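Order of the sequence lines fixes the chain letters, A, B, ..., with proteins taken first and strands second; residue numbering starts at 1 for each chain. Atom set for the values below is all heavy atoms of this structure, side chains included, hydrogens, waters and symmetry mates excluded. What you see is a predicted model, and the numbers here were worked out from it, not measured in a lab.
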Number of protein chains: 2
Amino acid sequence: MPQQNEPGIGQDDEGEARTGDEVLINDAARTGDDARTGDERDAVDAITAQWNRERPDLEARPMAVFGRIYRLSRLMGDRMEKEYQRYGIGRGEFDVLATLRRSGEPYTLSPRQLSATLMLTTGGMTGRLDKLEKAGLLERSPDPGDRRGLRVALTGRGLDVIDRAVGSGLALQTVALDGLDAEEAAQLSALLRKLLLATERTGASSSGP
Amino acid sequence: MPQQNEPGIGQDDEGEARTGDEVLINDAARTGDDARTGDERDAVDAITAQWNRERPDLEARPMAVFGRIYRLSRLMGDRMEKEYQRYGIGRGEFDVLATLRRSGEPYTLSPRQLSATLMLTTGGMTGRLDKLEKAGLLERSPDPGDRRGLRVALTGRGLDVIDRAVGSGLALQTVALDGLDAEEAAQLSALLRKLLLATERTGASSSGP
DNA sequence: GCTAAGTAGCTTAGCGCTAAGCTACTGACC
DNA sequence: GGTCAGTAGCTTAGCGCTAAGCTACTTAGC
């Protein structure tokens with residue numbers, strides 16, 4: 001279905017590959033820093049337990065945080081991709097339509113604004129616009145003020161599709177988040193915001209050319 | 001550099017596309033549920049503010065959680081990809097080596113175990129193994145017990161590369177997570193575990209032909 | 001005015017993935 | 001012991017992306 005690839009911690013699923021892991025794995029739930037709110041172990045606990053056994057010199061706690069972030073991103077991403085297919089669009093196309101929709105009337109932006117917002121190269125943008133235009137969900141017209149540029153606008157059908165799609169995508173997220181109570185969800189949102197800001201900051205002072 | 005695509009909330013960066021958004025955006029920090037720990041707004045706050053203006057009928061809070069998860073995943077993923085390139089491998093190859101490494105001595109698994117663990121099709125796995133074998137980081141040998149199967153083992157160079165790469169990848173994560181104090185990090189880890197388990201659970205009772 | 005640098009959008013080559021189909025082999029059933 | 005569904009790994013076609021290069025146009029400097 002989708003097409004991904006990803007970093008950090010591997011994916012795990014069924015049985016771990018070797019014999020006698022379970023003991024060590026149960027150790028690790030106690031070793032970890034976060035044996036508090038949750039009483040159930042997840043796949044990431046198993047992975048950090050393996051790392052603790054093989055490389056006890058490493059402090060593996062950050063891996064647990066980013067490993068879960070990665071897995072949640074991929075899990076929900078795949079799930080939403082499948083949902084959007086009911087409207088005949090993929091995740092990439094959804095993002096284009098959603099950006100136009102939330103920009104407000106007259107639901108018009110330039111390809112340049114879209115590719116910058118979606119962190120996409122112009123080549124990738126051209127492809128998405130081609131597909132959406134062929135599907136009749138948006139229209140390209142010349143920018144009257146700049147003959148190099150275009151303006152991309154949602155059609156009536158495009159507006160209809162995105163308004164329904166965004167609702168059912170949000171529903172999926174809402175169901176998943178129902179596993180947390182209101183206070184936990186608010187706490188999680190705030191902690192993620194803080195981590196996001198901190199992560200963006202540390203990246204700025206990084207490598208080179 | 002990398003090659004991605006993603007769901008849900010779009011990416012934002014510089015200026016929002018329309019005039020007079022700033023007012024509404026500042027509203028939204030108060031409107032949100034999570035104006036508590038963090039005192040600074042992030043890009044996701046701006047996006048949910050736009051949605052609140054355009055579609056006040058939608059409860060956009062879950063979008064803030066999963067939007068941040070998506071952005072963090074992509075941000076750190078890209079950053080780690082760049083780091084791994086210093087060792088001559090990409091994220092996909094890293095994951096293969098890391099899975100072998102943390103399985104413990106003799107650092108040997110079958111392609112089937114690897115592709116299941118990494119949630120990859122066999123075709124994708126073949127490609128990764130080809131590249132790693134050509135680079136001399138692993139070896140394929142026939143499985144003595146099953147003539148259909150192979151066994152994939154880390155070479156000495158492969159063990160060396162992954163042991164250094166995993167350290168510097170972890171260092172990047174550690175730096176990013178330093179934006180949170182120890183208690184916040186533990187809380188975040190626990191909440192993410194709970195959300196991951198809940199999300200996996202809701203997916204099970206979903207669609208399907 | 002003219003030129004040079006910058007910008008908008010499109011095109012092409014290459015990459016890594018999925019999905020689907022292939023051969024080779026295994027193991028359970030009669 | 002012959003059959004036949006199941007499994008392992010590889011191959012191919014197709015997709016969406018990036019990176020790099022293109023033309024057309026705009027804007028700043030002289």
*Asks:* Closer than 4.0 Å, any side-chain N/O of A:Arg128 to the OP1 or OP2 of D:dC17?
*Replies:*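 Checking A:Arg128 against D:dC17: at least one side-chain N or O falls below 4.0 Å of OP1 or OP2.
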*Asks:* Using atom CG of A:Leu120 as one end and atom P of C:dG9 as the other, report the distance to the nearest whole Å.
*Replies:*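 Rounding to the nearest Å, CG of A:Leu120 and P of C:dG9 are 13 Å apart.
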*Asks:* Rounded to whole Å, please give me the gap between CZ in A:Arg112 and C1' in D:dC25.
*Replies:*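 So the CZ-C1' distance, A:Arg112 to D:dC25, works out to 14 Å.
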*Asks:* Going through the distances and angles, do B:Leu195 and A:Met76 end up as a side-chain contact (heavy atoms from CB on, under 4.5 Å)?
*Replies:* CA-CA 11 Å; B:Leu195 179 59; A:Met76 280 305 294; over 6 Å; no
*Asks:* Let's see if you can work this out: which of D:dG9, C:dG9, C:dT18 has an atom nearest to the side-chain heavy atoms of A:Ser110?
*Replies:*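 Of D:dG9, C:dG9, C:dT18, C:dG9 is nearest to the side chain of A:Ser110.
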*Asks:* Examine the side chains of B:Tyr87 and B:Ser168 and answer whether a donor and an acceptor come within less than 3.5 Å of each other.
*Replies:*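 A pair is found: one side chain offers a donor N or O, the other an acceptor, under 3.5 Å apart.
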*Asks:* Round to a whole Å and report the spacing from CG of A:Leu129 to P of C:dA8.
*Replies:*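 Computing the A:Leu129:CG to C:dA8:P distance gives 15 Å.
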*Asks:* If we ignore angles and hydrogens, is there a donor and acceptor under 3.5 Å between the side chains of B:Arg79 and A:Thr202?
*Replies:*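 Judged by distance alone, the side chains do pair up.
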*Asks:* Measure from CG on A:Asp78 to P on C:dT18 and round the result to the nearest Å.
*Replies:*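 Rounding to the nearest Å, CG of A:Asp78 and P of C:dT18 are 10 Å apart.
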*Asks:* Who passes side chain to side chain contact (heavy atoms under 4.5 Å, CB included) against A:Arg112, sequence neighbours left out?
*Replies:*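 Side chain to side chain contact (heavy atoms under 4.5 Å, CB included) check on A:Arg112 returns A:Ser110, A:Thr122.
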*Asks:* Counting only side-chain nitrogens and oxygens, does B:Lys131 get under 4.0 Å of the OP1 or OP2 atom of C:dG16?
*Replies:*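 Answer is yes, contact under 4.0 Å.
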*Asks:* From the options C:dT18, D:dC10, C:dG9, select the nucleotide whose nearest atom is closest to the side chain of B:Leu150.
*Replies:*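 Selected nucleotide (nearest to the side chain): D:dC10.
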*Asks:* Between A:Arg140 and A:Asp130 (salt bridge meaning N to carboxylate O under 4.0 Å), is one present in this structure?
*Replies:*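 Looking at A:Arg140 and A:Asp130, the cut-off is met.
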*Asks:* With the side chain of B:Thr126 defined as its heavy atoms from C-beta on, choose the nearest nucleotide among C:dG9, D:dA8, D:dC10.
*Replies:*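 The answer is D:dC10, which lies nearest to the side chain.
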*Asks:* Can you check the B:Leu114 CG to D:dA8 C1' distance for me, whole Å?
*Replies:*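 Going from B:Leu114 (CG) to D:dA8 (C1'), I get 13 Å.
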*Asks:* Heavy atoms only, 4.0 Å cut-off, all strands: where does A:Gly127 land among base, sugar-phosphate and nothing?
*Replies:*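 Counting heavy atoms under 4.0 Å across all strands, no contact is made by A:Gly127.
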*Asks:* Between A:Gly124 and A:Gly149, just flag the one whose closest nucleotide in DNA chain C comes earlier from the 5' side.
*Replies:*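 It is A:Gly149 whose nearest nucleotide is closer to the 5' end.
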*Asks:* Using whole Å, report how far CG of B:Asp130 lies from C1' of C:dG16.
*Replies:*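 So the two atoms are 13 Å apart, to the nearest Å.
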*Asks:* Rounding to an integer number of Å, can you tell me how far A:Glu93 CD sits from D:dC17 C1'?
*Replies:*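 Distance check: A:Glu93 CD to D:dC17 C1' gives 12 Å.
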*Asks:* Using atom names, set out every protein N or O paired with an N or O of nucleotides 21-29 of chain C below 3.5 Å, distance rounded to 0.1 Å.
*Replies:*
from: C:dT26; atom 1: OP1; to: B:Arg147; atom 2: N; distance (Å): 3.4

*Asks:* For the side chain of A:Arg140, counting heavy atoms from C-beta on, which of C:dC10, D:dC10, C:dG9 is nearest?
*Replies:*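 Nearest listed nucleotide: C:dC10.
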*Asks:* Identify, with sequence neighbours excluded, every residue that meets side chain to side chain contact (heavy atoms under 4.5 Å, CB included) alongside A:Thr155.
*Replies:*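 Only A:Glu139, A:Arg157 meet the side chain to side chain contact (heavy atoms under 4.5 Å, CB included) criterion with A:Thr155.
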*Asks:* For the residue pair B:Ser189 and A:Arg68, confirm or rule out a side-chain donor-acceptor distance under 3.5 Å.
*Replies:*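 Indeed, the side chains of B:Ser189 and A:Arg68 share at least one donor-acceptor pair under 3.5 Å.
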*Asks:* Between D:dG9 atom C1' and B:Leu109 atom CG, what is the distance in whole Å?
*Replies:*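 Roughly 16 Å, once rounded to whole Å.
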